[in-house]
Structures are given as C-alpha cells and as structure tokens.
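What follows is a set of notes on a single structure, which appears directly below.
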Amino acid sequence: MDNNCIFCKIVRGDFNTEFVYENEHLVVFKDINPKAPVHLLVVPRVHVESLNELEDKNLMAELLQGVKDVTKKIGLKSYKTLINTGKEAGQEVFHLHVHILGEIK
Ligand code: 5GP
Ligand code: ZN
C-alpha cells in the first residue's frame with residue numbers, strides 16, 4: 001500500500017469505486033476516461049509500480065487470468081489488452097494495471 005497512489009486508494013475502497021470483478025489478487029474497474037466503449041483496468045491489490053518491478057510470476061499469471069475471467073463475466077469476446085510501462089510509453093499511474101479495450105456487440 002502506497003498512501004500517495006490513486007489505485008491503492010481505489011483498491012482500499014476510499015472512493016467507493018464499483019468493481020466489475022474482483023478476487024483475492026486483483027480488482028477490475030472502469031477507466032475514468034474511456035478510450036473504447038468498454039475500457040476496464042485490471043489492477044493488482046498489491047502496489048507494484050510497473051511491469052519492470054513485477055517479480056511475482058504468479059501475479060503475472062493472475063492478472064491475465066483476471067482478464068479472462070472479467071471478459072467472460074461481461075460477455076466481451078473480442079478485446080485488446082495493453083500495459084504501458086514507463087513515462088515515455090504513456091504510463092500515467094505508477095501502479096501496474098492491464099487495460100482491456102473492446103466493444104460488446
Ligand atoms: P496509464 O496511462 O498509466 O497506462 O493508464 C492510467 C489510466 O487510469 C488512464 O486511462 C486513466 O484514464 C485512468 N485513471 C486515472 N485516474 C483514475 C481514477 O481515479 N479512476 C479511474 N477509474 N481511472 C483512472
Ligand atoms: Zn498503488
């Protein structure tokens with residue numbers, strides 16, 4: 001938990017953010033500034049700055065399993081996933097997250 005991290009605060013429930021999906025490893029919520037009709041963020045409960053700092057292989061697997069589980073739950077069959085790593089690549093929030101971008105047809 002990083003007290004200055006917006007995603008840690010969301011995970012903790014500080015803003016009563018609705019979780020589309022959650023389990024012991026991660027939460028999933030809607031992006032506040034959606035770039036697609038469905039734009040979700042898969043966010044680990046633990047604070048890891050970016051993919052570069054992620055050492056736990058099990059958590060890597062859990063994040064992708066989370067993508068599968070939430071897309072199945074909402075009936076999103078076709079989607080893109082994105083992980084921005086580092087400022088130059090467009091990372092704005094330094095708490096690892098996987099974007100899911102798609103459209104339910
Ligand atoms: P990044 O550019 O770091 O890969 O993506 C950060 C994403 O988090 C952006 O798409 C941005 O819209 C989203 N975001 C930033 N702050 C908040 C917030 O407080 N709530 C939600 N739901 N999304 C946020
Ligand atoms: Zn954090």
Side-chain angles (χ1 to χ4, degrees):
M1 170 77 202
D2 177 336
N3 281 318
N4 298 314
C5 172
I6 187 89
F7 283 3
C8 280
K9 289 178 184 169
I10 288 175
V11 166
R12 200 168 62 184
D14 284 7
F15 308 118
N16 285 323
T17 308
E18 184 194 341
F19 296 148
V20 181
Y21 176 82
E22 64 178 308
N23 64 30
E24 63 179 307
H25 304 285
L26 56 89
V27 303
V28 182
F29 52 85
K30 291 179 181 166
D31 195 293
I32 203 168
N33 181 20
K35 309 279 192 316
V38 178
H39 187 172
L40 302 175
L41 301 172
V42 179
V43 178
R45 290 185 183 275
V46 293
H47 182 82
V48 179
E49 265 197 29
S50 81
L51 192 58
N52 284 340
E53 284 76 29
L54 178 58
E55 292 174 352
D56 181 355
K57 286 184 188 172
N58 182 55
L59 185 53
M60 294 186 196
E62 292 294 347
L63 291 175
L64 285 184
Q65 186 63 48
V67 170
K68 283 190 66 178
D69 291 343
V70 70
T71 52
K72 187 173 182 190
K73 180 182 173 186
I74 67 173
L76 182 64
K77 293 197 178 74
S78 185
Y79 53 87
K80 294 179 199 300
T81 50
L82 173 71
I83 303 175
N84 292 322
T85 304
K87 211 173 176 176
E88 289 77 8
Q91 187 175 3
E92 291 171 3
V93 177
F94 285 83
H95 178 131
L96 176 65
H97 52 280
V98 183
H99 295 255
I100 298 173
L101 298 137
E103 186 172 0
I104 296 172
K105 298 217 166 140

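Indexing begins at 1, ligand by ligand and atom by atom, following the structure's order. These numbers were taken from a predicted model, which means no experiment stands behind them. All heavy atoms count here, side chains included; hydrogens, waters and symmetry mates do not.
Listed by atom number, the atoms of ligand 1 under 4.0 Å from Ile10 heavy atoms are 18 (C), 19 (O), 20 (N). Close contacts between ligand 1 and Gly90 involve ligand atoms 1 (P), 2 (O) [criterion: under 4.0 Å to a heavy atom].
Considering backbone and side-chain N/O of Val93, one or more are found under 3.5 Å from N/O of ligand 1. For ligand 1, the polar-atom distance check against Gln91 finds no nitrogen or oxygen pair separated by under 3.5 Å. At a 3.5 angstrom cut-off on N or O pairs, Phe29 does not count as close to ligand 1.
Looking at Gln91, its side chain does come within 3.5 Å of a backbone N or O of Val93 through a donor-acceptor pair.
With a heavy-atom cut-off of 4.0 Å, Leu82 does not touch ligand 1 at all. Contacts between Leu41 and ligand 1 below 4.0 angstrom, taking non-hydrogen atoms only, involve the side chain exclusively. Residue Ile6 touches ligand 1 through its side chain alone, judged by heavy-atom distances below 4.0 Å.
Between His95 and His97, a ring centre-to-centre spacing not shorter than 6.0 Å is recorded.
The heavy atom nearest to atom 21 (C) of ligand 1, out of those in Ile83, Ile32, Thr17, is found in Ile32.
The nearest protein atom to atom 5 (O) of ligand 1, hydrogens excluded, is given as His97 NE2, 3.0 Å; this is a heavy-atom distance. Looking only at protein heavy atoms, the nearest one to atom 11 (C) of ligand 1 is Asp31 OD1, 3.4 Å.
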